[in-house]
Amino acid sequence: MSTAAADRLTFRSPDDWHVHLRDGDTLALVAGQTARQFSRAIVMPNLAPPVTTVAMARAYRERILASIPAERAFTPLMTAYLTDHIDAGEVARGHAEGVFTACKLYPAGATTNAAAGVTNVRHIDGVLERMQAIGMPLLVHGEVVDGDIDVFDREAVFIERILAPMLQRFPELKVVLEHITTREAVDFVREAGAGVAATITAHHLVFNRNAMFMGGIRPHFYCLPVAKREHHRRALRAAATSGNPKFFLGTDSAPHALADKESACGCAGIFSAPVALESYAATFEEEQALDRLEGFASVFGPRFYGLPLNEGTVTLIRRPNVVPEVVASGSLRIRPFHAGETLAWTFEERD
Ligand code: DOR
Ligand code: ZN
């Protein structure tokens, strides 16, 4: 059980159910940040080229493990990137061999490295049928990309046009609606069957869409799905802190080099891994729900995925935490979430 003294918060070791670890130099810089705070993480497959085969996922898992200090116990949980032509047999074999924990559905063009994603979800009905049969979760980037749909409506329209009919076709399919941003998503997940859950990022709990336009254009608050109106943020905060096991932690930590964010066509993504637990703790404390952080961060996710709970604990201390302006290695510079702010909690240790 979690213990919360005034100045110390200790609870069961958490997992991050949605993270981008990238590859190469970026992987080397960011993987340790996630492994510091989390015991396991669902690693997104949107590399270039995307992770579409068992062999690619095995090799990527090795590169991730090689970039983390040997003494650090951390398990990367791999995902398969669904394309129009991916083979159901390859997906099922990866699952059976303990390589693919889940599959990720990116609508083609929805976000970073999603060009090879699915152009029409009916193209993967055969894969979804197989996943339903073997109990393999589908992780969904829930946005339509039609040019006539307002960017702020993409999630709500996806739920209505794509997700709801998909669940009618595959009522037993386990689905995680990732990084939800709207009241519509909260309501849909809450009212759906037990096989439907959602992750909620730290950043969508902290700011609304105004953050992107505070006195000028602010690329470090741009992510996808894009932040929505304040009433949506409030719905997300209520869901995350409700104790409802359908809502659990997924940071969507998505590092991009500073120059790729501060650009005429800036990349979407917020690098929250360095301060993920401190940020969630701030939100839960503001909502007077610190006693519910452990369920959200450490219990509901593994229960949904059918995995054991972690054995160890993490501890946060109430001590001013000045977040650096930039995390760097060599010429690679990445701005973390909350850069330049002072947070109330400081991550102390994970054992
Ligand atoms: O903000 C985002 N960044 N959202 C996504 O869906 C993808 C991610 C990335 O990979 O950069
Ligand atoms: Zn993501």
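Sequence positions, counted from 1, serve as the residue numbers for this chain. Since the model is a prediction, treat every value here as computed from it, not as a measurement. Order of appearance sets the numbers: ligands from 1, and atoms from 1 within every ligand. Side chains are part of it too, since the values below use all heavy atoms of this structure and drop only hydrogens, waters and symmetry mates.
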Of all the N, O or S atoms in Asp252, which one sits nearest to the Zn ion (ligand 2)? OD1
Nearest non-hydrogen protein atom, atom 5 (C) of ligand 1: Thr111 OG1, 3.0 Å
Quick one: does His256 get within less than 4.0 Å of ligand 1, heavy atoms only? yes
For a ring-ring contact (aromatic ring centres under 6.0 Å, His included) with Phe296, tell me which candidate from Phe248, Tyr280, Phe247 qualifies. Tyr280
At a non-hydrogen distance cut-off of under 4.0 Å, which region of Ile270 contacts ligand 1 (side chain, backbone, both, or neither)? neither
Show me which atoms of ligand 1 lie under 4.0 Å from any heavy atom of Ala254. 3 (N), 8 (C), 9 (C), 11 (O)
Should you measure from each heavy atom of His141, which atoms of ligand 1 turn up under 4.0 Å away? 6 (O)
Taking only residues two or more places apart in sequence, or in another chain, which ones meet Glu341 in a side-chain contact (heavy atoms from CB on, under 4.5 Å)? His338, Leu343
Measure Leu224 to ligand 1 on non-hydrogen atoms and call it side chain, backbone, both or neither using the 4.0 Å cut-off. both
Does the side chain of Phe300 reach to within under 4.5 Å of the side chain of Leu249, using non-hydrogen atoms? no
Identify, by atom number and element, the atoms of ligand 1 in contact range of Asn46, meaning under 4.0 Å from any of its heavy atoms. 9 (C), 10 (O)
Counting backbone and side-chain atoms alike, does His179 have an N/O/S atom under 2.8 Å from the Zn ion (ligand 2)? no
With the side chain counted from C-beta on, respond yes when Arg122 and Arg169 share a heavy-atom pair under 4.5 Å apart, and no when they do not. yes
Pick out which of Glu172, Lys174, Met136 makes a side chain to side chain contact (heavy atoms under 4.5 Å, CB included) with Met131. Met136
Per-atom filter on ligand 1: closer than 4.0 angstrom to a heavy atom of Cys223 are 1 (O)
Quick one: which residue pairs count as a side-chain hydrogen bond (donor to acceptor under 3.5 Å, both in side chains) with a foot in residues 59-74, not counting sequence neighbours? Asp23-Arg63
Sub-4.0 Å heavy-atom contact, Arg22 with ligand 1: yes
To which protein heavy atom is atom 3 (N) of ligand 1 closest, and what is the distance rounded to 0.1 Å? Ala268 O, 3.0 Å
Looking at the Zn ion (ligand 2), is one of the N, O or S atoms of His141 less than 2.8 Å from it? no
Quick one, Val206 with Ser279, criterion side-chain contact (heavy atoms from CB on, under 4.5 Å). Give me CA distance, side-chain angles, the key distance, then yes/no. CA-CA 8 Å; Val206 169; Ser279 183; 3.8 Å; yes
Please assess Lys228 against Thr182 for the test side chain to side chain donor-acceptor pair (under 3.5 Å), listing each intermediate value before the final yes or no. CA-CA 7 Å; Lys228 308 296 192 300; Thr182 57; over 6 Å; no
Might you work through the side chain to side chain donor-acceptor pair (under 3.5 Å) test for Thr251 and Asp16, ending with a clear yes or no? CA-CA 6 Å; Thr251 63; Asp16 185 349; 2.5 Å; yes
